[in-house]
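See structure below.
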Amino acid sequence: MSAETEDASGGSIVPGLMARMTLEEKIGQLVLFAAGEGPATGEAGGPKLDDLIAAGEVGSVFGTKSFATVQRLQQQALASRLAIPLLFAEDVIHGHRTLFPIPLGLAASFDMGLVEETAAAAAREATAEGIAQAYAPMLDICRDARWGRVAESPGEDPYLAARYAEAMVKGFQGEDLTHPDRLSACLKHFVGYGAAVGGRDYDAAEIAPHTLFDVYCEPFRAGVAAGATAVMAGFNTLNGMPMHAHPLIAHWLRVRAGFDGVLVSDYTALREMTAHGLGGREARTMRALLAGVDLDMISADYLDCLAGLAAEGIEDPETGLEASPAEITAAIEAGCARVLRLKERLGLFADPMRGATAERAAAAPLRPETRALARRAASGAAVLLENDGILPLPEEGLRIALIGPLTHDRPNMLGTWAVAGDPTASVTIFEGMRTAENDVRHAPGAPVVDDPTVIDRLNFVPDTVTPDPRPEPVLLAEAEALAAWADVIVAVVGEAKEHTGECASRAEIDIPAPQRRLIERLQKAGKPIVAVVLAGRPLVLDDLPNAANAILYAFFGGTEMGHGIADLLYGRSEPTARLPVSLPLHTGQVPIHHGAHEGGRPWPGEWRKFTTNYIDLPDDQHPSRGRYPFGAGQGWTHFTFAPPTLAASRIVGSDAVAEIAVEVTNDGDRSGTAVVQLYVSDPVARIARPAQELKGIARLALAPGETGSAQFRLSRDDLAYTITADDGRPERVWDPGEFIIRTGPNATETQSATLHWEP
């Protein structure tokens, strides 16, 4: 039986419970260890878990892979002196047992209703096993595609990322956290982790204040406003300070954003502060605690050091740090209270298993309705970049050569961070394509990658790459013969799933060399080529757009990827996804994003040589917009976008609202969904502003010949931005005057209207 569920007045039990707790028990609530059932992403260490739980000296556990483990560990916690239940967490990144598209793909859907549905489905599966917290959504803005964790992020844009954050939090948490199908959302990684120098994981981030608050903090602000109950700090330093000791936790996250939940450390991140140069074990422990880190993951610094620090305080002459016993004790009390309040909100004191049973755990995974949602999501996350009319393919009478090393591969369909997914349950693209009355045959044609060192790195997660023992010339000859037989070639190319994810940075972000050679040989067959690109990041596509008649950028689609991609290629589903990242022409363009400031000599300028450009890229290539712009994507029909119409071109007052309408006509002979995007430029301001900022997305479902109107509203807050005040603190301001309203189907094909906003 757990601790009492409420006090006599019906209020919170936390104050009364804390009055009965020893200092060691309070510290125990700040200790987070792994169950040891998944791959370790760092040094684990730490004492024996079972003994600590029995002593009441561990408050949370992550990484369980079965209901039986959760039940066993929870029973141990309930047998401790105060019977305080454990909080179980897991990396529920893009699904649990049923995998949905990687987060970058879910963001590409531009459909927040779909994102929310997938989060709710993942929560149902995870909570059935006793998991009460998801280490998701990951909200790191990423503009440098060399960084592997862009696969887990919502992309380059803060507006899209903020909407993604809201949808994920709502899907995970719902309206009632005590509901057995809901769990705590943990926003990560606060903050700036996606801006790592050179795209190298765990490296430093150097971010100007206005960019930090308006870009990198924005999705966290939105997630907190949506009610997120936890936040995880990043591995990175930010402007010289490790995030686990950064004052932004207290000053921005807790005060400005109003976050009152639990702040979780990342894996061994407290231990790593010594490597960052912040002193020894006691110094780093004190720094993290006083910064506001509530849960110490893996490092055991809180477990081993906090009682001594609370008794004696700290004076560290080497670092100049000092804190009194009273300060440290107060911080322990505050952190413990936050952890206990979260457990109370989740209903753990009333029901430590939160309705999880062995029967529910056995029945939850891969249910037909969840797989149907995964199939729809796999279609909804794939972006059609090119199509000369070859797609959709007929469903009968066609000979299809399905060529590529990932055509009949199960593990790679799931994507990175599929920690609880079952690869044997995934649907391959070959299986999906055979659901029509066509003759579909497949051949690998090439290895995924031919560098043994890279293969070894990719196989950190077993079976990511299984090399074909045959030499490349034999594979190519087999593919050429199959291409000669076929009416259409469907070439599946791209990365393996572990090319992206944690510690998967790449210096070159193109399609691996063996697959590029395969495309060259297939092009010589003279047959139409439909390219399906599997990727966890924006890739440089090299000559693929010239070689292929159609390109479907499919990311990694999860358990039902094979069916979802086949539904698109056969026209059963409509491609409505749009790029959440810019695809560069060359790796040398990164970091790249659609809103980059144009500089004092914008391209193309009056003096072509002396403008912001690259001398070794084509003259018509914008230096910051890549080959395919943010928001790009096609469907099965054609839409005509009218220029934006303002309800009033001149408005007055800070409380006014600008109303914008965009008429869109479906000119084709099929129904379709137009994804209308609204961008704003602020040409005159106190500081140099982005070239444009995304401020609205609308989806219009239109029948052939139908015209619809997308409606947008902008407030003063939508036009505000951050400057650094004279005392160094961030200040949110807005400038009355002229704003350029841009609308269209992507970030570059826009039409504009001018709005005058008077004070």
Side-chain angles (χ1 to χ4, degrees), residues 90-112 114-119 121-122 134-142 145 147-157 160-161 164-165 167-168 171 188-189 194 201 219 373-383 406 409-423 426-427 429 458 461 464 492 494-506 509 532-539 552-562 564-565 568 577-581 583:
E90 179 59 292
D91 285 299
V92 186
I93 307 299
H94 54 109
H96 187 56
R97 300 296 180 181
T98 307
L99 273 298
F100 301 104
I102 59 170
L104 191 62
L106 286 173
S109 73
F110 275 51
D111 183 348
M112 297 307 116
L114 177 64
V115 172
E116 182 182 338
E117 283 187 78
T118 64
Y135 291 151
M138 196 260 236
L139 302 177
D140 296 301
I141 297 295
C142 179
W147 190 56
R149 300 197 79 169
V150 63
E152 302 169 59
S153 91
E156 71 181 45
D157 185 83
L160 180 64
Y164 174 84
M168 288 289 289
K188 64 183 191 184
H189 306 84
D201 212 348
L373 173 61
R375 181 172 182 165
R376 179 158 55 90
S379 293
V383 183
L406 301 173
D409 178 293
R410 297 190 192 283
N412 280 288
M413 299 302 100
L414 301 183
T416 188
W417 276 113
V419 298
D422 178 6
S426 65
V427 179
I429 296 175
L458 298 179
V461 177
T464 295
V492 181
E495 300 178 302
K497 65 186 181 70
E498 299 307 322
H499 266 115
T500 54
E502 187 167 351
C503 201
S505 301
R506 291 181 62 188
I509 55 172
V532 178
V533 181
L534 275 59
R537 57 160 52 84
L539 286 176
L552 186 67
Y553 206 89
F555 298 99
F556 291 101
T559 302
E560 286 285 325
M561 183 172 191
I565 296 307
L568 285 172
R578 301 295 183 258
L579 287 178
V581 283
L583 298 194

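Hydrogens, waters and symmetry mates play no part in the numbers below; they use all other heavy atoms, side chains included.
Contact between F556 and G536 at its shortest, heavy atoms only, is CE1-N, 3.4 Å. Contact record, A165 with P219: CB-O, 3.6 Å, taken as the closest heavy-atom pair. The shortest heavy-atom contact between G421 and L414 is C-CD1, 4.3 Å. Between Y164 and P103, the shortest heavy-atom contact is OH-CB, 3.3 Å. Contact between A377 and P101 at its shortest, heavy atoms only, is O-CG, 3.4 Å. Residues A121 and L373 come closest through the heavy atom pair CB-CD2, 3.8 Å.
Here the side chain of S379 pairs no donor or acceptor atom with the backbone of L568 at under 3.5 angstrom. With R537 contributing its side chain and A145 its backbone, the two residues share a donor-acceptor pair below 3.5 Å. Under the 3.5 Å distance criterion, the side-chain polar atoms of R410 are matched with a main-chain donor or acceptor of S426. Proximity of a side-chain donor or acceptor of T559 to a complementary backbone N or O of T98 within less than 3.5 Å is not detected. Remark: the backbone N or O of L539 is paired with a side-chain donor or acceptor of Y553 at under 3.5 angstrom. Judged purely by atom type and a 3.5 angstrom limit, H94 uses its side chain to pair as donor or acceptor with the backbone of T416. No donor-acceptor distance shorter than 3.5 angstrom exists from the side chain of D201 to the backbone of W147, with no hydrogens or angles considered. When atom types are taken as modelled, the side chain of R506 and the backbone of G148 share no donor-acceptor pair closer than 3.5 angstrom.
Residue E495 is tested with T500, V533, L534 for a side-chain contact (heavy atoms from CB on, under 4.5 Å); the sole match is T500.
Here CD1 of I93 is found 8.0 Å from CE of M138. Values are rounded to the nearest 0.5 Å. Rounded to the nearest 0.5 Å, atoms CD (E560) and CG (L99) are 11.5 Å apart. Rounding to the nearest 0.5 Å places CZ of F100 at 15.0 Å from CE of M561.
In this structure the side chain of R578 never reaches within 4.5 angstrom of the side chain of D111, judged on heavy atoms. Annotation: side chain of M168 is in contact with side chain of V115 (closest heavy-atom distance under 4.5 Å). Using a 4.5 Å heavy-atom cutoff, the side chains of F555 and L106 are not in contact. Side-chain contact check for D91 versus K188: some heavy-atom pair is nearer than 4.5 Å. Inter-residue side-chain proximity for E152 and I102 is flagged as unmet; no heavy-atom pair is nearer than 4.5 Å. Under the 4.5 Å side-chain criterion, counting only non-hydrogen atoms from C-beta, D140 is not in contact with R149. Side-chain contact check for P538 versus V150: some heavy-atom pair is nearer than 4.5 Å.
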task = Check the pair V419 / E90 against side chain to side chain contact (heavy atoms under 4.5 Å, CB included), numbers first and verdict last.
result = CA-CA 9 Å; V419 298; E90 179 59 292; 4.0 Å; yes
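Comment: K497 does not engage D409 in a salt bridge, judged by the lack of any side-chain N to carboxylate O separation of less than 4.0 angstrom.
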